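Side chains included, hydrogens not; waters and symmetry mates left out as well; all remaining heavy atoms used. Keep in mind that this is a model prediction, so the values were computed, not measured. As the structure lists them, so they are numbered: ligands from 1, and atoms in each ligand from 1.
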Amino acid sequence: MGKVLVMEHPLIQHKIGIIRRKETSSKEFRELVSEVAMFMAYEATRDLKLKDVEIETPITKMTAKELAGKKMAVVPILRAGLGMVEGMLTMVPAAKVGHIGLYRDPETLKPVEYYCKLPADCGEREVFVTDPMLATGGSAVAAISMLKEKGVKNIRFMCIIAAPEGVKALTEAHPDVDIYIGALDDHLNDHGYIVPGLGDAGDRIFGTK
Ligand code: PRP
Ligand code: URA
């Protein structure tokens with residue numbers, strides 16, 4: 001069973017509090033989403049494997065540490081997941097970036113796929129899927145299924161706000177995937193929006209409403 005980790009870090013909680021406010025501008029929203037993703041990347045990479053390497057400092061030889069595990073990739077779910085990529089890359093600059101295009105049909109709330117482009121060696125990488133919102137979970141479940149169909153085995157999911165309904169759907173569909181959550185909210189409303197949430201993440205990042 002994968003981990004479900006809600007971030008307790010005070011800086012993450014403080015920034016999410018500002019993101020949620022309805023008066024926060026798109027510029028500030030984008031900057032804060034990126035910063036939260038950066039802090040979350042720090043927490044979500046705590047368990048990466050290290051190996052010993054022999055190096056020489058200007059003073060002496062020593063045994064230092066180096067990342068030993070798989071190389072990484074960041075795969076945002078378009079559109080809103082794009083807002084988390086820069087922050088992730090600040091922490092993991094060598095990661096490659098893939099894209100999965102999905103939108104949620106406003107009537108059925110079911111995800112509709114429109115794009116998928118991944119690094120050629122994605123199957124060999126530790127893949128971090130990003131999307132600020134985990135609501136019904138339909139988009140995350142579909143995106144991760146697409147990755148698995150393409151041979152990706154090691155997947156982590158990172159979101160800024162999750163509803164309990166989405167966490168349940170994702171853990172049931174993909175029990176092998178670790179889930180990193182900035183804040184776990186109360187419930188979904190009748191339109192599938194997270195309550196209290198932050199509204200429509202894509203619209204707020206890109207200023208489209
Ligand atoms: C939002 C959000 C997630 C999805 C979450 O995307 O960014 O991808 O909804 O909802 P779910 O868990 O119920 O699937 P949206 O469909 O609004 O597309 P956008 O990012 O292009 O605005
Ligand atoms: N997508 C969003 O952007 N916000 C929600 O609250 C739910 C889905």
Side-chain angles (χ1 to χ4, degrees), residues 2 4 6 15-37 40 74-88 97-118 127-148 155-175 177-209:
V4 177
V6 182
K15 286 172 195 290
I16 291 177
I18 304 173
I19 289 172
R20 288 182 189 275
R21 292 172 181 234
K22 63 180 180 188
E23 67 272 20
T24 298
S25 68
S26 278
K27 173 180 179 291
E28 210 182 348
F29 191 95
R30 263 196 305 274
E31 288 167 358
L32 287 163
V33 164
S34 190
E35 285 171 24
V36 169
M40 289 184 72
V74 182
V75 176
I77 301 178
L78 305 181
R79 290 176 299 170
L82 283 175
M84 297 173 72
V85 173
E86 197 185 309
M88 290 285 300
V97 182
H99 296 87
I100 290 182
L102 287 177
Y103 70 87
R104 201 171 68 151
D105 183 290
E107 301 298 326
T108 64
L109 301 183
K110 298 279 178 240
V112 181
E113 298 170 17
Y114 61 89
Y115 190 74
C116 182
K117 183 83 181 171
L118 302 173
V127 172
F128 290 76
V129 178
T130 64
D131 192 326
M133 310 304 279
L134 179 65
T136 64
S139 303
V141 168
I144 291 169
S145 296
M146 285 166 80
L147 287 170
K148 287 183 174 174
I155 303 171
R156 302 179 189 214
F157 180 79
M158 286 182 42
C159 63
I160 294 184
I161 298 190
E165 295 89 329
V167 176
K168 183 168 183 290
L170 185 50
T171 48
E172 281 175 8
H174 298 295
V177 170
D178 291 344
I179 307 174
Y180 299 92
I181 299 168
L184 182 60
D185 274 12
D186 196 57
H187 67 281
L188 294 177
N189 69 15
D190 292 344
H191 304 286
Y193 277 86
I194 300 175
V195 182
L198 50 69
D200 187 303
D203 283 342
R204 295 200 63 184
I205 289 172
F206 296 107
T208 39
K209 225 175 228 167

Would you name the heavy atoms of Arg204 and Thr24 that are closest together and state the gap between them?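 Looking at all heavy atoms of both residues, the closest pair is NH2-O, 3.2 Å.
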With a 4.0 Å heavy-atom cut-off (strictly under), which part of Asp131 contacts ligand 1: side chain, backbone, both or neither? side chain
Looking at [atom], what's its closest protein heavy atom, distance included?
atom	value
atom 5 (C) of ligand 1	Met133 O, 3.6 Å
atom 21 (O) of ligand 1	Arg79 NE, 3.1 Å
atom 13 (O) of ligand 1	Thr136 OG1, 2.5 Å
atom 6 (O) of ligand 2	Ile194 N, 2.8 Å
atom 17 (O) of ligand 1	Asp200 OD2, 3.9 Å
atom 14 (O) of ligand 1	Ser139 OG, 2.5 Å
atom 5 (C) of ligand 2	Tyr193 CD2, 3.4 Å

Atoms in ligand 2 with a heavy atom of Arg104 nearer than 4.0 Å: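 That gives atoms 7 (C), 8 (C) of ligand 2.
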Using a strict cut-off of 4.0 Å, indicate which atoms of ligand 2 neighbour a heavy atom of Ala201.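 Taking each heavy atom of Ala201 in turn, ligand 2 has 2 (C), 3 (O) under 4.0 Å.
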For the side chain to side chain contact (heavy atoms under 4.5 Å, CB included) test, which of Ile179, Thr130, Val75 pairs with Phe157? Ile179
Side-chain donor or acceptor of [X] paired with backbone N/O of [Y] under 3.5 Å:
X	Y	result
Arg104	Pro111	no
Arg20	Gly197	yes
Thr171	Lys168	yes
Ser145	Val141	yes

Heavy-atom distance to atom 4 (N) of ligand 2: which of Gly192, Ala135, Gly199 wins?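 Minimum heavy-atom distance to atom 4 (N) of ligand 2 goes to Gly199.
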Please round to the nearest 0.5 Å and tell me the distance separating atom CD of Glu35 and atom CE of Met84.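 Separation between the atoms: 13.0 Å.
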Do any nitrogen or oxygen atoms of [X] come within less than 3.5 Å of a nitrogen or oxygen of ligand 1?
X	value
Ala135	yes
Ala80	yes
Arg104	yes

Check the pair Tyr193, Leu188 against side chain to side chain contact (heavy atoms under 4.5 Å, CB included), reporting the backbone distance first and the verdict last. CA-CA 5 Å; Tyr193 277 86; Leu188 294 177; over 6 Å; no
Looking at side-chain heavy atoms only, is the closest gap between Ile100 and Leu147 below 4.5 Å? yes
Any non-hydrogen side-chain atom of Ile194 less than 4.5 Å from a side-chain atom of His187?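 In short, these two side chains do not touch, never coming nearer than 4.5 Å.
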If we only consider heavy atoms of Gly137, is any one of them less than 4.0 Å away from an atom in ligand 1? yes
For ligand 2, is there an N or O atom under 3.5 Å from any N or O atom of Gly202? no
Min N/O separation Met133 to ligand 2 under 3.5 Å: no
Right, does atom 1 (C) of ligand 1 have protein non-hydrogen atoms nearer than 4.0 Å?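 Not a single protein heavy atom is under 4.0 Å away.
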Min heavy-atom dist Arg204 to ligand 2 below 4.0 Å: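 The answer is no, since Arg204 has no heavy atom less than 4.0 Å from ligand 2.
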Tell me whether the count of non-hydrogen atoms from other residues, nucleotides or ligands lying under 6.0 Å of CD in Glu165 goes above 12.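 Count over threshold, so yes.
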Under 6.0 Å from the CD atom of Glu107, do we count more than 12 heavy atoms belonging to anything else shown?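 Check fails, neighbour count at 12 or below.
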